[in-house]
Amino acid sequence: MKKMTYIWQDRKRTFLGLPLSFTRYMLSEDRLFVEKGFLNSVLDEENLYRVRDVRVTRSLGQKLFGLGTVTVYSTDASNGETALESIKHPIEVKEELVRLVEEARKRHNIRASEMLMSNSPENLCDHDGDGIPDEYQQ
């Protein structure tokens, strides 16, 4: 069995930017992994060719410690939004993620129009729960 190699790894950071959490993030050339838990753990993965958008947010506390949150929005029906919370170098991670998404789309022959078609009414997301798909709000 071939061992998985990761391009990037980090942990969710807590007080003073220390990695005192049981949440780990790993990025390979074609998937994003989020592992949560200590005794009972859950491992979620996201295929990069399904990623629609990537956002970086930074609170004042995160800025003080060089941290930020990268949120990944995808067309995956089971997990449309994945947040990489309180990670180091969030802008660099976002840029690497965007680069890998483009490479994964090329490998899988995914065109931009196919990603837009994933916004059909049955696939629209309503993250704020107001009943109006987020893609239609300004």
Side-chain angles (χ1 to χ4, degrees):
M1 181 178 248
K2 184 179 170 184
K3 183 175 167 109
M4 177 75 66
T5 56
Y6 299 113
I7 295 169
W8 169 83
Q9 298 183 66
D10 201 356
R11 288 184 177 273
K12 178 179 177 183
R13 295 176 183 272
T14 56
F15 182 69
L16 300 177
L18 299 173
L20 301 174
S21 166
F22 296 109
T23 301
R24 292 181 43 209
Y25 307 114
M26 294 85 59
L27 180 63
S28 72
E29 68 180 38
D30 61 348
R31 289 181 287 174
L32 173 65
F33 300 91
V34 178
E35 183 178 19
K36 296 179 180 180
F38 176 62
L39 296 176
N40 296 318
S41 62
V42 175
L43 178 65
D44 287 320
E45 67 180 72
E46 186 80 40
N47 287 313
L48 294 182
Y49 69 87
R50 292 179 175 261
V51 171
R52 282 189 301 132
D53 196 17
V54 182
R55 169 190 269 174
V56 174
T57 55
R58 299 177 73 198
S59 68
L60 177 61
Q62 287 177 324
K63 285 181 181 181
L64 290 174
F65 297 105
L67 306 175
T69 297
V70 176
T71 306
V72 178
Y73 300 95
S74 76
T75 61
D76 188 347
S78 66
N79 193 16
E81 183 178 324
T82 302
L84 311 177
E85 299 177 51
S86 296
I87 59 171
K88 290 177 107 177
H89 312 293
I91 295 171
E92 290 88 346
V93 171
K94 179 196 87 77
E95 291 302 319
E96 182 68 9
L97 190 54
V98 168
R99 184 186 69 78
L100 291 169
V101 165
E102 290 301 319
E103 287 180 7
R105 286 183 186 164
K106 286 178 187 174
R107 277 195 306 276
H108 290 278
N109 295 320
I110 304 289
R111 296 185 306 271
S113 61
E114 292 173 7
M115 296 302 290
L116 292 174
M117 289 172 61
S118 68
N119 282 343
S120 59
E122 62 274 3
N123 291 335
L124 294 176
C125 297
D126 181 23
H127 298 293
D128 55 7
D130 63 358
I132 302 170
D134 296 337
E135 286 79 2
Y136 297 142
Q137 294 179 359
Q138 292 186 12

Residues passing the salt bridge (charged side-chain N to carboxylate O under 4.0 Å, His left out) test with E29, sequence neighbours excluded, are none
Linked hydrophobic residues, Y6 as query - side chain contacts closer than 4.5 Å | M4, M26, F33, L43
Could you tell me which residues satisfy side-chain contact (heavy atoms from CB on, under 4.5 Å) with S41, sequence neighbours excluded, listed by chain and number?
-> E35
Sequence neighbours excluded, which residues qualify as side-chain contact (heavy atoms from CB on, under 4.5 Å) partners of D53?
-> Y73
Could you tell me which non-hydrogen atom of S28 sits nearest to which non-hydrogen atom of L48, and how far apart they are?
-> O-CD1, 3.8 Å
Side-chain touch W8/L84, heavy atoms, less than 4.5 angstrom = yes
Side-chain donor-acceptor distances from residues 85-93 under 3.5 Å, at least two apart:
residue, atom, partner, partner atom, Å
S86, OG, Q62, NE2, 3.2

Out of E102, E95, E103, which one pairs with R99 under the side chain to side chain donor-acceptor pair (under 3.5 Å) rule?
-> E103
Just how far is it from atom OG1 of T14 to atom CG of L20, taken to the nearest 0.5 Å?
-> 4.0 Å
So, the side chain of R105 versus the backbone of V51: is there a donor-acceptor pair under 3.5 Å, distance only?
-> yes
Close side-chain approach of R11 to T23, heavy-atom, < 4.5 Å | no
Side chain R58, main chain L67, donor-acceptor under 3.5 Å = yes
Indicate yes or no: at least one non-hydrogen side-chain atom of E46 is less than 4.5 angstrom from one of R31.
-> no
Stepwise side chain to side chain contact (heavy atoms under 4.5 Å, CB included) check, K12 with Y25 | CA-CA 8 Å; K12 178 179 177 183; Y25 307 114; 3.8 Å; yes
Do L97 and V72 have side-chain heavy atoms sitting under 4.5 Å apart?
-> yes
With no hydrogens and no angle check, do the side chains of D76 and S74 hold a donor and an acceptor under 3.5 Å apart?
-> no
Would you mind reporting whether V54 and T71 have side-chain heavy atoms less than 4.5 Å apart?
-> no
Measure the shortest side-chain to side-chain distance between N47 and D30 over non-hydrogen atoms and say whether it is less than 4.5 angstrom.
-> no
Under the side-chain contact (heavy atoms from CB on, under 4.5 Å) test, residues paired with F22 that sit two or more places apart = F38
